[in-house]
Each structure stands twice: as structure tokens, then as C-alpha cells.
Undergrad: 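Please find one structure pasted underneath; my questions will follow.
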Amino acid sequence: MQQNMACGQAVVGWNQSAILIGVMLAMSAGLVLTAAGDGADGNNYTVIADAGARQSQSASEVVAAAEAAIVQDGIHLNRATLYDRLQSRFLTDDKTQLVELDHATAVRFWRVMIRISPSYGDFASQHVIPWYTNASHWRGASQRDLADIYTLLRPMRQRGGARLEATFRQMAQYIRERVEADPQWITGQDDLVRVQLIRLAASWMNTQERAEALGELREAFLSDASRWESIDSRVALEVVFAAREMGMTDSDACGHIVRNLNHANRLDTIPSPQMRTLNRFLGKHANGQDDVVRAKDQVELELLRRINTGQISWKATAPREMTRYIGMAANQVSDGGKAELIQRMQAEWVDNREVLPYLSAIDVKTIDKTLTHLGDESVKDTPVVDLWLAAMQSRQWTIEELAVIGFQMRSHGMNHAAAQAIADYVIEQAARGELEEHPVYWRNRGVAWLIQTPQQRERLFETMKQAKAGPTPAVSLIMARAHREHGQYDDYMNRLDDQLEVGGHQGDVLARWYIARALASYVDANYSELNRLRGKRYLDQALAAAQSEAARLEVVDQIAKAYGYTGHAVEGQSFLSSIRPTFEGEKAEQELDRLEKYLAGVTQAQKLAEDREQRERDQDWRAGIEKKLAEATEKGNQQAARHYQRLLDSGSSRDGERNKPVMSGGGI
């Protein structure tokens with residue numbers, strides 16, 4: 001302990017940020033996992049059902065019951081029902097805010113919802129990220145809660161974009177301020193929490209601070225061989241990945257991981273999901289290095305051991321998780337072993353009629369892909385048809401699931417019997433007005449792929465014509481994409497024009513046909529450069545044709561989204577300001593306020609992205625000037641050195657300054 005304390009106290013430099021590393025690493029405690037919370041008495045589903053109906057259970061009890069249901073019921077868990085009940089209890093109507101949850105329970109709730117959501121990525125984009133980026137709930141969180149929040153959000157970083165990056169910076173600055181005001185704020189936390197907070201702090205540091213933080217991290221953990229070899233492997237992974245974010249090379253990171261695994265041999269301390277991350281990292285950077293390959297084999301053998309011993313349970317693990325473990329563990333078994341895995345998969349999932357109704361589309365997709373990965377052509381197609389049909393017959397599919405099915409069926413070819421049945425399902429939903437538009441663009445393409453034949457597209461067009469209120473945007477988009485994917489786009493555009501010219505539609509119905517024409521114009525754009533404003537003139541005509549306030553609000557919604565999606569949020573805000581006086585009533589005010597909030601969020605995200613790009617340009621400029629200053633000093637060119645120093649002192653990083661000749665008299 002004295003040696004570890006000394007490591008923590010050897011803190012220098014880092015422009016006051018060094019105190020963060022020094023204090024965070026001052027103590028070396030064992031790994032402490034966040035408790036799952038108090039268990040719920042009685043049947044888990046009774047607790048959850050009572051909570052949804054009468055709110056008779058506390059938030060902590062409901063979340064604990066959901067956690068227990070996942071573990072106890074496993075594959076037999078009715079995920080769709082549980083998902084809906086939890087949403088109705090804890091999410092506001094617009095799905096953007098949580099109610100009555102403290103920080104620790106909120107993190108547990110999000111983890112439950114991610115595990116049971118039909119689409120992890122879409123759920124994260126639509127719910128988790130907006131909640132954390134639109135509020136500052138984390139400011140009252142404990143140190144451990146902050147670490148848990150960060151580990152929850154970190155995998156969502158790519159989807160979160162500028163908003164999530166801005167939140168990370170705010171959280172990092174908050175941590176720094178707390179530590180500088182009171183160094184004791186961080187003491188007493190275990191190694192894992194402290195290193196997780198270091199990773200969060202690194203997302204706010206500049207280049208120089210990250211380099212200094214990496215030095216402190218090396219001194220505290222990596223320079224002492226005996227400490228590094230004996231440290232908990234889960235903490236070791238966190239240290240290495242934090243070091244990578246501060247500038248450590250991948251080869252160096254691999255070396256540290258291998259040394260820890262070889263000496264500590266404590267893979268049992270690493271949670272299975274983190275084992276997947278470790279396996280991917282080692283595989284990416286193996287490059288024929290025997291020690292890294294051996295470490296990767298070691299990880300895969302441990303996953304295989306957990307599967308064979310039931311530590312990774314078939315019953316308690318969702319198929320989308322189980323198939324990932326199987327895919328990695330299969331590298332360590334013979335062809336005969338793979339055949340056994342295939343037989344087990346078929347017994348547990350494909351042939352188990354009790355399980356089929358509980359499979360989500362993501363589950364079926366991952367089972368399908370894993371069967372193909374294991375190489376058994378005999379199970380590649382037919383069981384998949386059974387899975388799709390059996391799962392579809394058990395409940396109503398979400399738009400996310402339909403999209404997943406569309407892309408997966410496309411990979412098989414669309415000649416399966418299931419393709420016709422699923423297309424019928426989509427068309428029936430459209431006829432009942434239950435088909436929704438998905439907020440993530442490419443998801444709708446997946447649904448469009450289900451409408452394969454001309455006969456199916458004709459039936460769907462008939463639903464558009466027969467709808468008393470006119471076609472819905474969701475059906476219009478799917479029809480446009482379906483025709484575009486199959487080379488009949490011009491024919492579809494002509495049919496829309498016919499409806500506008502000779503269809504005899506008036507008022508609100510005509511407005512919705514104009515919306516359909518506008519969306520078709522948008523779909524005609526190149527997929528990589530979508531521009532909803534291509535159909536703006538049709539939206540203007542829709543607004544002129546609409547008579548009821550509800551229909552006019554639908555058009556305004558489409559126009560606002562067109563401005564937002566194309567990065568013209570400021571113009572969109574001006575449009576809303578000009579149109580607001582023409583509406584009356586509380587409902588219209590609420591809808592316009594929602595659109596104002598949406599466009600304001602787009603504007604803020606653009607500003608944050610621009611600020612980040614400017615900071616990166618400034619850092620690159622400063623690094624370049626510092627390099628030139630060092631070169632001038634080394635060569636003894638004092639005139640140039642003084643010039644570079646003046647630039648650095650002035651903080652000038654304007655594009656004009658960067659592009660000027662540095663020395664008029666022929667400098668370096």
C-alpha cells in the first residue's frame with residue numbers, strides 16, 4: 001500500500017489536471033461491483049404489472065423485478081411486454097424524459113431496456129442519448145454513478161454525435177472542478193471507478209494534458225511490474241483502454257494486456273460482455289504475434305468453458321448475446337465440436353416451439369448469422385423460415401424488427417415462403433393505418449425490401465388510394481423506396497402525379513398526396529446525400545391544400561424535419577415563427593413547441609460540432625507552430641524562433657495567420 005501511495009503522490013505538472021490522476025490513483029482498492037439492488041418479493045411479473053397499473057411498487061422494486069425476470073426467465077422472457085410496461089411506467093409520453101428514478105436506478109433501468117429492446121442502437125439513439133444530453137441529471141450523481149453512466153454511454157459514442165461529445169466534455173469538466181475544489185472527493189473509490197473517471201476526464205483534455213495524464217497513468221499502474229502482473233484483469237483492461245485514449249499505441253496496449261493475462265491469469269474477473277471486447281481487440285492487433293494470438297486463444301477458451309459449464313446460460317442469455325459468445329468460442333473447437341454447437345442451437349432455439357414466440361427479430365437474425373458462420377448449409381435456410389413465421393405469429397412486430405427482417409431476408413434471397421407472409425403482414429398493417437415511419441432513415445429501407453414483387457407494390461398502392469384520410473408518410477416512404485430499389489421509380493412518380501392531377505382529391509387528402517410526392521422526391525436523392533428539401537415545393541402545395549388544423553400540423557412537421565435533416569435549422573425556426581400565428585389551440589402550441597425544441601437541438605448540435613472542429617484545427621495549428629519553434633531553436637534561427645513564440649503567446653490561430661508566409665525574409 002505504501003508503494004501504491006507513493007505512486008499516487010508522484011504527481012507533477014499537468015496544468016493542475018495532474019491532481020486528478022494523482023488523487024484518483026492514490027488508493028488501491030479491490031474491485032467492487034455495483035449491487036443489483038433489493039430483490040422484489042413474489043412473482044417478478046406481478047410486481048411489474050402492479051407497478052404499471054397502480055404504481056404500487058417503488059421504482060427500485062420494479063427495476064429489480066425486471067432484472068430478476070431477465071436472469072430467471074431468460075429466453076422465455078416476454079421481452080415485448082416487459083419493454084412496453086417499463087416504458088409506460090418510467091418514460092414520459094414523448095419518450096425523452098425519465099420519471100421518479102434516482103441516478104443509480106436510472107442506469108440500471110437503461111441497462112435493462114437495452115437488453116430487451118428490439119434494436120439496441122435505435123433505442124440508444126432515441127431514448128438514452130437524448131435523456132443524458134438534454135439534461136444535467138448526472139451533476140448530482142455519486143462518483144460510482146458517474147462511472148456507471150459513462151460506461152453505459154461510451155459504446156453509444158458514434159451514434160451520439162456532437163450532443164454526446166458535448167455531454168462528455170461537460171461531465172469531464174465537472175469532475176475536474178470537483179477534484180480541484182476538494183481532492184478528497186475522489187479518495188476512497190476503488191481502482192475501477194477511478195480509472196473509469198480518468199477515461200471520462202480524458203474526453204475533455206487537450207493534447208498536452210492527455211500526454212501528461214498518460215505519463216501519470218503509466219507511473220501509477222504500468223511501471224511497477226509486480227503491481228501490473230497481479231492487478232485485477234478487469235481493472236487492467238480499463239487502464240489499458242484509458243491509456244489508449246490518451247495516446248498509447250495499440251501495440252503497446254496489446255503488450256500490457258498480454259503481460260497482465262499471462263501473469264494474473266484472472267480472466268474469471270472479466271464480465272462476459274467485456275470478454276467480447278477484449279477478444280475483438282486482440283484479434284484486430286494480433287498480426288501474427290504469437291503472444292497476442294495465445295492471449296486471444298486464452299480468451300476464447302474461457303468463453304467456451306463458460307458455455308460448457310453453464311456459467312453463460314442458454315436459458316438466461318438472450319440469443320443475440322449467446323450467438324456472439326458461440327461465434328468466438330467456435331474458433332477453439334473442431335468441426336465435430338461445431339456440429340455439437342449447431343445441434344445445441346437447434347435444440348434450444350430452432351426446434352423449441354416454446355421458445356419461438358419470445359424471439360425478437362434481432363434474435364432470429366443473430367441465430368441465422370451464427371448458423372451460417374458455423375458452416376452448416378443444411379440449417380442455413382429452412383429453419384430460418386420457421387423462425388421468422390413462428391415469431392411473427394406470436395405478436396405485432398415493431399418497425400425496427402421489420403427493417404431487420406427485410407435486410408436479413410435480402411441476404412438469403414427473397415424466394416422463401418416467409419417473404420410472402422411477411423410482405424402480407426406489412427401490407428395489412430398499412431391497410432389498418434398501423435405502419436409507422438422509423439426515425440432512422442436506413443431502417444425504412446429494410447422495410448421497403450420486404451415489398452418485393454410488382455403485385456405486392458400494387459396492393460400497397462391500393463391501400464394508399466383507399467385510405468379515407470389519404471396516404472400516411474410511412475407508407476409513402478416505403479412505397480417510394482420499394483420502387484427505387486427495384487428500378488421502377490419513374491413509374492411510381494408518374495402514378496403520384498396522376499393522383500395529383502386527375503385523382504379528384506381535395507383538402508386534407510390532397511395535402512397528404514402532396515406529402516407523398518415530396519417524400520418521393522427526397523427518396524430520389526443519392527442515398528449518401530439525402531436532401532428532403534428537394535420536395536419542398538410539394539410541401540408548400542400541401543400546406544396550401546390542407547384545411548384542418550391536424551392536417552396542416554402534419555405538413556408543418558414534414559417541413560420542419562426537412563429543414564432539420566438538411567442542416568437548415570435556422571431557416572426552419574424562421575418558418576415556424578412565421579406560421580405560428582395561423583394556429584390556435586393548446587394541441588397546436590404543444591406540437592409547434594416540440595418542433596421548435598427539435599430545431600433548437602439541431603442548431604446546438606451544429607454549433608457544438610463546429611466548435612469541436614475549430615478546437616481541433618487550433619490544436620493542430622498550435623502543435624505545428626510548436627514543432628517549427630523547436631526546429632528553429634535547434635538550428636539557432638533566433639528570428640524565426642521569436643516569431644513562432646509571438647504567435648503562440650498571442651494565441652492566434654486564425655486561418656489567415658496559418659496561411660501567411662511565416663518569414664518575409666525567407667525563414668525556415
Side-chain angles (χ1 to χ4, degrees), residues 1 3-4 7-8 21 24-25 27-35 144 147-148 150-152 154-155 189-200 202 214 216-246 248-286 289-309 311-312 317 321 324-325 328-329 331-332:
M1 175 64 78
Q3 185 179 27
N4 294 336
C7 287
I21 293 290
M24 281 181 173
L25 305 178
M27 299 181 66
S28 174
L31 176 63
V32 179
L33 297 178
T34 303
R144 183 175 295 280
D148 284 344
Y150 181 54
T151 57
L152 175 71
R154 193 169 57 218
Q189 301 301 309
D190 59 63
D191 282 347
L192 184 63
V193 170
R194 287 203 303 280
V195 177
Q196 286 170 339
L197 292 176
I198 290 170
R199 291 187 70 177
L200 174 53
L214 177 59
E216 300 295 341
L217 199 65
R218 286 182 183 277
E219 183 176 354
F221 279 103
L222 305 175
S223 60
D224 185 339
S226 61
R227 171 169 166 74
W228 182 247
E229 291 166 3
S230 62
I231 198 171
D232 186 299
S233 292
R234 186 183 183 191
V235 177
L237 281 183
E238 201 72 30
V239 170
V240 167
F241 287 131
R244 287 178 67 229
E245 291 172 13
M246 294 174 187
M248 177 185 282
T249 64
D250 283 342
S251 60
D252 198 6
C254 269
H256 285 296
I257 288 175
V258 169
R259 280 190 289 277
N260 178 266
L261 294 181
N262 286 344
H263 291 86
N265 195 24
R266 297 181 62 191
L267 282 172
D268 58 307
T269 67
I270 304 177
S272 296
Q274 199 171 9
M275 292 281 281
R276 295 201 310 264
T277 302
L278 174 59
N279 187 73
R280 287 195 297 268
F281 177 73
L282 292 173
K284 181 178 179 181
H285 302 291
Q289 300 180 61
D290 291 342
D291 56 346
V292 180
V293 172
R294 281 195 297 271
K296 182 175 181 293
D297 291 343
Q298 187 180 348
V299 171
E300 292 169 348
L301 285 168
E302 171 63 15
L303 287 172
L304 184 61
R305 183 194 68 78
R306 294 183 188 186
I307 293 172
N308 291 336
T309 61
Q311 186 175 344
I312 297 178
T317 307
E321 298 175 64
R324 294 188 185 109
Y325 300 135
M328 294 176 182
N331 295 326
Q332 300 301 321

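Throughout, residue positions are numbered sequentially from 1 according to the sequence presented.
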Undergrad: Which heavy atom of Thr151 sits nearest a heavy atom of Asp148, and at what distance?
TA: OG1-O, 2.8 Å
Undergrad: How far does OG of Ser272 sit from CZ of Arg324, to the nearest 0.5 angstrom?
TA: 12.5 Å
Undergrad: Applying side-chain hydrogen bond (donor to acceptor under 3.5 Å, both in side chains), name anything that partners Arg199, two or more places apart in sequence or on another chain.
TA: Glu238, Glu245
Undergrad: What heavy-atom pair brings Trp228 and Asn260 nearest, and what distance separates the two atoms?
TA: O-ND2, 2.8 Å
Undergrad: Compare all side-chain heavy atoms of Leu222 with those of Met248 and state whether any distance is below 4.5 angstrom.
TA: yes
Undergrad: Hey, what do you get for CG (Leu197) to CZ (Arg144), rounding to the nearest 0.5 Å?
TA: 10.0 Å
Undergrad: If you measure from CG on Leu237 to CE on Met275, what distance do you get to the nearest 0.5 Å?
TA: 9.5 Å
Undergrad: Which residues pass the side-chain hydrogen bond (donor to acceptor under 3.5 Å, both in side chains) test with Asp252, sequence neighbours left out?
TA: Arg218, His256
Undergrad: Check Arg306 against Pro271 and note the closest heavy-atom contact, atom names and distance.
TA: NH1-C, 3.9 Å
Undergrad: Is there a side-chain contact between Asn331 and Lys296, using heavy atoms and a 4.5 Å cut-off?
TA: yes
Undergrad: Do Val239 and Leu217 come close enough that some side-chain heavy atom pair is under 4.5 Å?
TA: yes
Undergrad: Which distance, rounded to the nearest 0.5 Å, do you find between the CG of Leu278 and the CD of Glu300?
TA: 10.0 Å
Undergrad: State the CG-CD distance between Leu261 and Gln298, to the nearest 0.5 angstrom.
TA: 5.5 Å
Undergrad: If every non-hydrogen atom of Arg227 is compared with every non-hydrogen atom of Ala220, which pair is closest and at what distance?
TA: NE-O, 3.2 Å
Undergrad: Can you name the salt bridge (charged side-chain N to carboxylate O under 4.0 Å, His left out) partners of Arg305, sequence neighbours left out?
TA: Glu302
Undergrad: Asp250: which residues meet the salt bridge (charged side-chain N to carboxylate O under 4.0 Å, His left out) condition with it, sequence neighbours left out?
TA: Arg244
Undergrad: At their closest point, which heavy atom of Leu282 faces which heavy atom of Cys254, and how far apart are they?
TA: CD2-SG, 4.4 Å
Undergrad: Can you tell me how far apart CD1 (Ile270) and CZ (Arg276) are? Round to the nearest 0.5 Å.
TA: 13.5 Å
Undergrad: What residues form a side-chain hydrogen bond (donor to acceptor under 3.5 Å, both in side chains) with Ser251, not counting sequence neighbours?
TA: Thr249
Undergrad: List for me each residue that meets ring-ring contact (aromatic ring centres under 6.0 Å, His included) alongside Phe281, sequence neighbours excluded, and say none if there are none.
TA: Phe241, His285
Undergrad: Does the pair Asp291/Arg259 count as a salt bridge with the N-to-O cut at 4.0 Å?
TA: no
